[in-house]
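Following: one structure in structure tokens, then a few remarks.
Side-chain atoms are counted along with the backbone in the values below, which use heavy atoms only and exclude waters and symmetry mates.
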Amino acid sequence: MRLIGLLGLLGLTGCPASVTAEGMDDGFGMAFGAAWIHLDAGKEESDSIVIANYGDVCAKTEAYYDAYADFEDAAEDVLSKDYCENIEEPFLTWVDASAAMLYDGAKFVSLSFSGDLNDKEYDFDDDAYGSVSEVTDAPWEDMADDFDPDGDITDGCGTGTIDTDFGDTWSLTDGSVEITALADEASASGTVDARMQETGKGGDKSDFTASFGAAWCEIKL
């Protein structure tokens with residue numbers, strides 16, 4: 001996997017992004033990381049921009065996908081009498097990788113695009129999708145503590161059913177993301193001007209703006 005880190009970008013420009021999210025009670029805060037995530041799944045490829053209030057977005061995203069792939073492979077052998085023991089190490093590695101990004105207080109913006117990323121304007125609800133998320137109740141510590149290698153697959157090896165409701169999410173609408181500069185397989189810069197809408201029908205809307213300079217981050221699945 002070829003990864004271009006954010007250290008050079010940070011050294012030249014300070015924080016790689018800025019975000020104003022009026023729908024968040026405490027605001028978004030400092031945006032310490034941004035990456036142009038290119039997922040290569042062989043027959044399918046996709047581009048997204050991730051802006052976060054933590055650094056090393058590329059490395060942490062890669063670690064998450066690698067750990068999940070190893071866990072998924074181990075979890076396929078559902079007939080093994082030692083199922084929980086066999087998945088313990090890859091499961092806990094995936095939990096650690098998840099906790100590095102989805103911890104209590106983590107905030108991030110995800111922008112995805114139809115087709116390859118180009119230097120143009122993308123309208124939300126048309127050829128781009130955006131979301132804003134804040135983690136307020138991450139389950140990782142409990143999952144690690146509860147895991148039982150002597151347990152049973154029917155109760156998730158002691159973890160029970162994983163609660164995927166980690167916090168609050170807003171969708172971006174009534175606006176666009178503009179890619180103002182793009183260097184192929186190197187970096188993408190742009191701005192976002194839109195409204196953020198609370199999840200659920202009829203959710204409240206509020207103003208959202210962002211600017212970013214994101215380094216290329218290729219991840220092969």
| task | Tell me, with the steps shown, if D146 and T159 meet side-chain hydrogen bond (donor to acceptor under 3.5 Å, both in side chains). | result | CA-CA 5 Å; D146 293 344; T159 63; over 6 Å; no
| task | Spell out, as yes or no, whether a donor-acceptor pair under 3.5 Å connects the side chain of Q197 to the backbone of G203. | result | yes
| remark: Taking every heavy atom of I51 against every heavy atom of A31, the minimum-distance pair comes out as CG2-CB, 3.9 Å
| field | Nearest-0.5 Å distance that lies between atom SG in C217 and atom CD1 in I37 | value | 4.0 Å
| Does the side chain of F28 reach to within under 4.5 Å of the side chain of V109, using non-hydrogen atoms? | yes
| task | Taking all non-hydrogen atoms of both residues into account, name the closest pair between V177 and A128 and its distance. | result | CG1-CB, 4.2 Å
| task | First locate atom CG of D137, then atom CG of L102, and finally report the distance between them rounded to the nearest 0.5 Å. | result | 12.5 Å
| query | If we only count heavy atoms from C-beta on, is the T61 to I219 side-chain gap below 4.5 Å? | reply | yes
| said: Do T20 and D207 have side chains that approach each other closer than 4.5 Å (heavy atoms only, starting at C-beta)? | reply: no
| task | May I ask you to check whether S131 and S110 show a side-chain donor-acceptor distance below 3.5 Å? | result | no
| query | Would a distance-only check, ignoring hydrogens and angles, find a side-chain to backbone donor-acceptor pair under 3.5 Å from T199 to T169? | reply | yes
| said: Could you measure the distance from the CG atom of D204 to the CD atom of E198? Nearest 0.5 Å is fine. | reply: 4.5 Å
| Which is it for S211 and S18 under the side-chain hydrogen bond (donor to acceptor under 3.5 Å, both in side chains) test, yes or no, and what are the steps along the way? | CA-CA 5 Å; S211 61; S18 65; 2.9 Å; yes
| Going from CD1 on I153 to SG on C84, what distance comes out if it is rounded to the nearest 0.5 angstrom? | 7.0 Å
| Any idea which heavy atoms bring A210 and V19 closest together, and the distance? | CB-CG2, 4.1 Å
| Exam field: side chain D104 to backbone A138, donor-acceptor pair closer than 3.5 Å | yes
| query | Should we say atom CG of D25 is surrounded by more than 12 heavy atoms from elsewhere, each under 6.0 Å from it? | reply | no
| said: Once ring-ring contact (aromatic ring centres under 6.0 Å, His included) is applied, do any residues pair with Y65, and if so which ones, sequence neighbours excluded? | reply: none
| query | Going by atom types only, do D125 and T173 share a side-chain donor-acceptor pair under 3.5 Å? | reply | yes
| task | Check E45 against D40 and note the closest heavy-atom contact, atom names and distance. | result | CG-OD1, 3.7 Å
| task | Would you check, one step at a time, whether the test ring pair (Phe, Tyr, Trp, His ring centres under 6.0 Å) holds for F212 with W36? | result | CA-CA 10 Å; F212 58 86; W36 170 8; over 10 Å; no
| message | For D145, is the CG atom crowded, meaning more than 12 foreign heavy atoms sit under 6.0 Å from it? | response | yes
| said: Could you check whether any side-chain N or O of N53 sits under 3.5 Å from a backbone N or O of K107, counting only pairs where one atom can act as donor and the other as acceptor? | reply: yes
| request: Answer whether the closest heavy-atom distance between the side chains of T93 and D70 falls below 4.5 Å. | output: no
| message | So that I know where these two stand, are Y54 and F32 an aromatic pair - ring centroids less than 6.0 Å apart? | response | no
| query | What's the spacing between R195 CZ and F208 CZ if we round to 0.5 Å? | reply | 13.0 Å
| So is K120 actually on top of Y122's ring, under 6.0 Å and inside 45° of the axis? | yes
| query | For the side chain of D47 and the backbone of L117, is there at least one donor-acceptor N/O pair under 3.5 Å apart? | reply | yes
| task | Report yes if the side chains of V132 and L172 come closer than 4.5 Å at any heavy-atom pair, otherwise no. | result | yes
| query | When you measure from the side chain of D96 to the backbone N and O of A67, does any donor-acceptor pair fall under 3.5 Å? | reply | no
| Qualifying residues under ring-ring contact (aromatic ring centres under 6.0 Å, His included), relative to Y68, sequence neighbours excluded | W94
| So with a 6.0 Å cut-off around CD of E141, is the heavy-atom count from everything else above 12? | no
| Distance, nearest 0.5 Å, that separates CD of E85 from CG of D148 | 11.0 Å
| message | I'd like to know if the side chain of D26 reaches the main chain of M24, judged simply by a donor and an acceptor atom lying under 3.5 Å from each other, with no hydrogens or angles considered. | response | no
| If you look at every heavy atom in A144 and V95, which pair is closest and at what distance? | CB-CG1, 4.4 Å
| F124-Y129 co-clustered via ILVMFWY side chain contacts under 4.5 Å | no
| query | So which heavy atom on A99 is nearest to which on W140, and how close? | reply | CA-CD1, 3.6 Å
| Quick one: are F113 and D127 in side-chain contact, heavy atoms under 4.5 Å? | no
